[in-house]
Amino acid sequence: MKKERSMVRRVLFVFGAILLCVIVAALVAISLAPSRPPMPEVRMVDGRTVQLAGVTVGQTHTMHSSSPLRNILFQFAPDGFKRQMGPNFNSSFGFRHPGIALWLMFYDPVLKQYVPNAINKLVIVDDHGCELENGSYGVNNDGYHSAQVMHVENFPRDRERLTFRMLSTFTGTNVLGEITIDNPVRRDRENWTAQSLPVMATNGNLTARLNRIAPVMRGNEDMEMFEDGKLSKDWELEDKYYSDPLGNFGSQLCRKETAWKLKLRFVRSARADFPATNVWKVGSVVIPRPGKFIAVVQSNSVAGIPLAVKSFLGSGSFTLVDGVCTSGAPWTNGMSSVFSVTGMRKGGRNITTTTRASFNPMLVVEHEPLHPERKFTARFRHEGKLVGTAEGANSDGTHFYYDLSWQVPPEEMPPANAALEMEIIIQRGIEFEFLVDPKDYKVPVTEL
């Protein structure tokens, strides 16, 4: 009986010691809280409170805890202490264009917790009366606090302070409140003068003639390309974006500006001829049958870029670990296209597992990131004729997955198990810039 009581006392003592350590550690963390500036707060019309956890600048937005010790303390602290400690975010969000990001936390007093997706839009009105919206957003959570990372590309960058309306289109287009921040990237307006269309620009032996402009999301410009003074059909538009005199760019620009800068990037089409330094003749390959895969395992350097072709996948669903295929199943009716990536740490290193499902065969290649300056293209020929290409990749961070697209009608496709000659091309895009008048875009009647 005495032994049992002694054992209970020991267990209670150990448990009490652990609990005391957690409480003391939390209190230490709380005692350090005054060094953290208080978060601005705004009460919205629906009764919830929004807190500004931070403002970050750039194309990639990151917020990390101040130290590993704080991560541990936050993990074991009770909810009450977590609220006093403040958010413990350890995450990054990347967007296409640089801008500012507002890390907004929404506290619901009814639910007594932080809630995600309280809003989905920020709007700011510029000096012309144009409403500029945030481009995209992400959601972050530390187990207690939840934040929406609202990425804003376009805003009046010459203002010292910025006031955004917070909207939720989930319940109509209600304005829930406003939040004001100091402008962390203030800059002066540039003085641009628009060129009259048509206008020409030259880059090396190439000349681009711009005849008509089109909005970013509503079509292509009317362009002509000349190589060594001769009209050429070997070039295709790879990318474009507009910017304004304040440094804003993307798809949501004010059309009342006096001028926009249009930046275009062209690449040679897959059917064009390329210098030998840009082409790797990989050799003969056979497209795997549905659900099957081939380990290619060839490497080379093309245009200064090291490449390693890992595998060729047939039509179907596959699982790959660090780029190496481990299982596959043929494509069947009812399947959906899937590309997902999960990671875990094992044996001191990160292991990446990728799930891919597609109706199209796919080439798996390891190389450094190429976008936006450079482009990857795989060409497949049968009896000297171009029959397929692989471009436009998904990526797990290290490996890139290129879908094969047939460039011939079904009646001209090569027979199953036919040997195809594969080439890999790396090319650098050619860029042109024009100063254009936003009013030069006329909406065709068919688009109204």
Side-chain angles (χ1 to χ4, degrees), residues 269-271 279-300 302 307-344 346 349-371 375-426:
S269 69
R271 298 182 180 276
V279 182
W280 172 22
K281 296 183 182 296
V282 181
S284 296
V285 296
V286 176
I287 296 178
R289 298 189 305 275
K292 302 296 182 181
F293 57 92
I294 299 173
V296 181
V297 194
Q298 292 196 49
S299 60
N300 202 346
V302 183
L307 301 170
V309 181
K310 305 298 285 288
S311 55
F312 204 173
L313 314 179
S315 172
S317 177
F318 298 87
T319 299
L320 302 96
V321 178
D322 287 344
V324 177
C325 193
T326 58
S327 64
W331 182 267
T332 59
N333 292 334
M335 276 189 174
S336 300
S337 296
V338 173
F339 186 87
S340 65
V341 180
T342 58
M344 63 177 294
K346 185 177 181 180
R349 70 186 191 93
N350 295 322
I351 304 295
T352 299
T353 300
T354 302
T355 302
R356 170 265 180 190
S358 176
F359 176 75
N360 300 313
M362 179 174 287
L363 194 65
V364 183
V365 186
E366 182 178 1
H367 58 72
E368 65 185 61
L370 302 176
H371 184 81
K375 182 181 180 180
F376 174 103
T377 302
R379 295 195 298 201
F380 300 88
R381 298 183 185 273
H382 180 246
E383 297 179 348
K385 181 179 180 180
L386 179 66
V387 294
T389 60
E391 299 175 319
N394 293 305
S395 175
D396 60 18
T398 302
H399 303 90
F400 292 78
Y401 299 75
Y402 294 93
D403 269 327
L404 186 147
S405 175
W406 294 109
Q407 301 298 312
V408 292
E411 62 271 15
E412 297 181 19
M413 287 178 58
N417 298 322
L420 306 180
E421 294 299 317
M422 182 169 74
E423 298 175 327
I424 288 179
I425 299 166
I426 300 292

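Keep in mind the model is a prediction, meaning the values are calculated, not measured.
Ring geometry, F380 versus F312: the interplanar angle falls under 30°, so the pair is classed parallel (tilted spans 30 to 60°).
To the nearest 0.5 Å, atom CZ of residue F400 and atom NZ of residue K310 are 12.5 Å apart. In this structure, Q298 CD and I424 CD1 are separated by 8.5 Å, a value rounded to the nearest 0.5 Å. One finds the CG atom of L320 at 5.5 Å from the CG atom of L313 (value rounded to the nearest 0.5 Å).
Just one of L307, I425, V279 meets the side-chain contact (heavy atoms from CB on, under 4.5 Å) condition when paired with V302; it is L307.
Under the side chain to side chain donor-acceptor pair (under 3.5 Å) criterion, H382 pairs with no residue, sequence neighbours left out. Residues satisfying the ring-ring contact (aromatic ring centres under 6.0 Å, His included) test with F318, not counting sequence neighbours, are none. Partners of E383 according to the side chain to side chain donor-acceptor pair (under 3.5 Å) rule, which considers only residues two or more places apart in sequence or in another chain, do not exist here. Partners of D403 by salt bridge (charged side-chain N to carboxylate O under 4.0 Å, His left out), not counting sequence neighbours, listed by chain and number: R356.
Residue pairs meeting the side chain to side chain donor-acceptor pair (under 3.5 Å) criterion with at least one member in residues 316-327, sequence neighbours excluded, are D322-R349. Pairs engaging residues 410-424 under the side chain to side chain donor-acceptor pair (under 3.5 Å) rule: K281-E423, S284-E421, R379-E423, K385-E412 [sequence neighbours left out].
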For this session: Under the ring-ring contact (aromatic ring centres under 6.0 Å, His included) rule, what do F339 and Y401 come out as? Steps first, then yes or no, please.
Result: CA-CA 9 Å; F339 186 87; Y401 299 75; 5.2 Å; yes
For this session: Give the intermediate values and the outcome of side chain to side chain contact (heavy atoms under 4.5 Å, CB included) for residues I287 and L404.
Result: CA-CA 10 Å; I287 296 178; L404 186 147; 4.0 Å; yes
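Remark: aromatic rings of F376 and Y402 are close, center separation under 6.0 Å.
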